[in-house]
2 protein chains.
Amino acid sequence: MAVDLFLERGFEETTVEDICARAEISRSTFFRYFPSKEDTLFERTADTGRAWLDALVARPAGEQPWAALRGSLDPRIEQLAAGGENVKRLMRLIVATPALAARHREKNAYWQELLRPEVARRLGAEPGDTADPRADAMIAAALGCLDAALKAWASSDRAAELPVLLDRAMSVVD
Amino acid sequence: MAVDLFLERGFEETTVEDICARAEISRSTFFRYFPSKEDTLFERTADTGRAWLDALVARPAGEQPWAALRGSLDPRIEQLAAGGENVKRLMRLIVATPALAARHREKNAYWQELLRPEVARRLGAEPGDTADPRADAMIAAALGCLDAALKAWASSDRAAELPVLLDRAMSVVD
DNA sequence: TCTAAAGTGGGACTCAGTTCCATATATGGA
DNA sequence: TCCATATATGGAACTGAGTCCCACTTTAGA
């Protein structure tokens, strides 16, 4: 819906009123459904985050934390890869649009908070120890690798498959 | 100047007009000097990025890329640590304010672009190969570690010193 | 002292997002 | 079937950030 407009004319060039016109709803109704224009593209953030956390919790207890994170990302990148060219187009739009890139990073920050307790546990950190940067660091690193892999995947015609790119990205730092 | 107002009443609660009133300038003049309200706090982004890049370029040629990045961050964390309590307060404001946190991450994204060529070179990547995610991944990981260390440093009264925290953060992933 | 350029301010404008209130449309019970 | 009560929708006015354009003033250089 709104995505089509964004891809046609660009995100900044599309006003909320344009979206409302196409969807045949009022501005009031729009802002009842979406907290902001950006959020039309980031609806499933919470669900996806929870699914990722579930996947991480399900990893073997003895597995190294970094390997567990890598493993927990398999469902996510499969889901993205299944989206094919549509997901790539969306990715490129996000990368090219400052406001959307910002919202994307905010999503990552949210996921970081969500995963922190489980990663901290796997690292053997004191629960609630705000002075221990390790869990945050490891999740942020993993997210950085994921984003780097996604960007390479989306912005290159002849890029490798997503799992290969993610392995390449994550191996550089381990 | 504007920082004081933000620390007093909060960022969202301070309007550009408030800042103009205190600085005794007009809105026009304000927006001639700062592209946005957020940017009153992120003036030296380009300079700091360039200094970081210089520090990285100055690292020994044979050094491992990850170690070179760690070493190149020494001047930066020294500078931040020298700021002491003022920097911590600012850090906490940024972390607690979504719009400022977003601007902070945007700064990181800018630095990532700035460092990419040099890191790619040190990784032996093909110049301009957008399908190689390694440089982006490594820089994003380093920035994630830096932010985790900064957050731990700023938000805990009895936190260790910044270099120790950064080492702890970066070692978790290497 | 004159002149050009740079700095400053005023004011109108667009658009996102908020708030409050009025109206319509379901839904469930008597 | 009818009524009462949510719940969804729309309208309208408002705030605040950011843009644009034009007028005025200050500064600097010849």
Side-chain angles (χ1 to χ4, degrees), chain A residues 1-47 49 90-110 113, chain B residues 1-47 49 90-110 113:
Chain A
M1 206 75 242
V3 200
D4 303 328
L5 282 173
F6 297 157
L7 289 171
E8 281 171 30
R9 2 177 161 167
F11 178 80
E12 299 294 352
E13 290 70 25
T14 306
T15 68
V16 169
E17 230 164 332
D18 294 336
I19 305 172
C20 292
R22 166 133 351 165
E24 292 182 314
I25 58 171
S26 69
R27 266 173 44 91
S28 303
T29 303
F30 176 88
F31 281 112
R32 202 174 315 280
Y33 281 101
F34 303 102
S36 76
K37 197 169 81 169
E38 287 83 356
D39 281 286
T40 54
L41 297 186
F42 294 88
E43 278 189 276
R44 321 207 66 72
T45 291
D47 293 345
L90 191 55
M91 244 8 247
R92 287 194 291 263
L93 177 68
I94 290 173
V95 169
T97 310
L100 293 178
R103 187 66 187 71
H104 175 81
R105 291 189 284 262
E106 193 180 319
K107 181 187 70 179
N108 281 352
Y110 169 74
E113 272 188 54
Chain B
M1 205 74 243
V3 200
D4 303 327
L5 282 173
F6 297 157
L7 290 171
E8 281 170 30
R9 5 177 159 165
F11 178 80
E12 297 295 352
E13 290 70 25
T14 305
T15 68
V16 169
E17 230 164 331
D18 293 336
I19 304 172
C20 292
R22 165 130 356 164
E24 293 182 313
I25 57 171
S26 70
R27 266 173 44 90
S28 302
T29 302
F30 176 88
F31 281 112
R32 202 175 316 279
Y33 280 101
F34 303 103
S36 75
K37 198 170 79 169
E38 287 83 355
D39 281 285
T40 54
L41 297 185
F42 294 87
E43 276 189 278
R44 320 207 66 73
T45 291
D47 292 344
L90 191 56
M91 236 23 238
R92 288 194 291 265
L93 177 69
I94 290 172
V95 168
T97 309
L100 293 178
R103 188 65 187 72
H104 175 81
R105 291 188 284 263
E106 193 180 318
K107 181 187 69 179
N108 281 353
Y110 169 74
E113 271 189 55

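Residue numbers start from 1 in every chain, and the chains themselves are labelled A, B, ... in the order their sequence lines are given, proteins ahead of strands.
A heavy atom closer than 4.0 Å to some atom of DNA chain C occurs in A/T14, A/T15, A/V16, these being the qualifying members of residues 2-18 of chain A. Sorted by residue number, the list of members of residues 93-106 of chain B with any non-hydrogen atom under 4.0 Å from DNA chain C is empty.
Put simply, CD on A/E8 and OG1 on A/T14 are 8.0 Å apart, with the number rounded to the nearest 0.5 Å. Between the CZ atom in B/R103 and the CG atom in B/N108 there is a gap of 10.5 Å [rounded to 0.5 Å]. Considering CZ of B/F11 and CD1 of B/I94, their distance stands at 10.5 Å, rounded to 0.5 Å.
Panel note: side chain B/K37, backbone B/I19; no donor-acceptor pair is recorded below 3.5 Å.
For the pair A/F31 CZ and D/dA13 C1', the computed distance is 15 Å after rounding to whole Å.
Heavy atoms from other residues, nucleotides or ligands lying under 6.0 Å from CZ of B/R92 number more than 12. Within a 6.0 Å radius of CD in A/E24, no more than 12 heavy atoms belonging to other residues, nucleotides or ligands are found.
Residues B/T40 and B/F6 form a side-chain contact, since some pair of their non-hydrogen atoms from C-beta on lies under 4.5 Å apart. Side-chain atoms of B/E17 and B/F30, non-hydrogen and from C-beta on, never get closer than 4.5 Å to each other. Counting only heavy atoms from C-beta outward, the side chains of A/E106 and A/Y110 never approach each other to under 4.5 Å. Residues B/H104 and B/M91 have side chains in contact (heavy-atom distance under 4.5 Å, counting atoms from C-beta outward).
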Could you write out each protein N or O paired with an N or O of nucleotides 8-13 of chain C at a distance under 3.5 Å?
residue: C/dT8; atom: OP2; partner: B/Y33; partner atom: OH; Å: 2.6
residue: C/dG9; atom: OP2; partner: B/S26; partner atom: N; Å: 3.0
residue: C/dG9; atom: OP2; partner: B/S26; partner atom: OG; Å: 3.2
residue: C/dG9; atom: OP2; partner: B/T29; partner atom: OG1; Å: 2.5
residue: C/dG10; atom: N7; partner: B/S28; partner atom: OG; Å: 2.7
residue: C/dG10; atom: O6; partner: B/S28; partner atom: OG; Å: 2.9

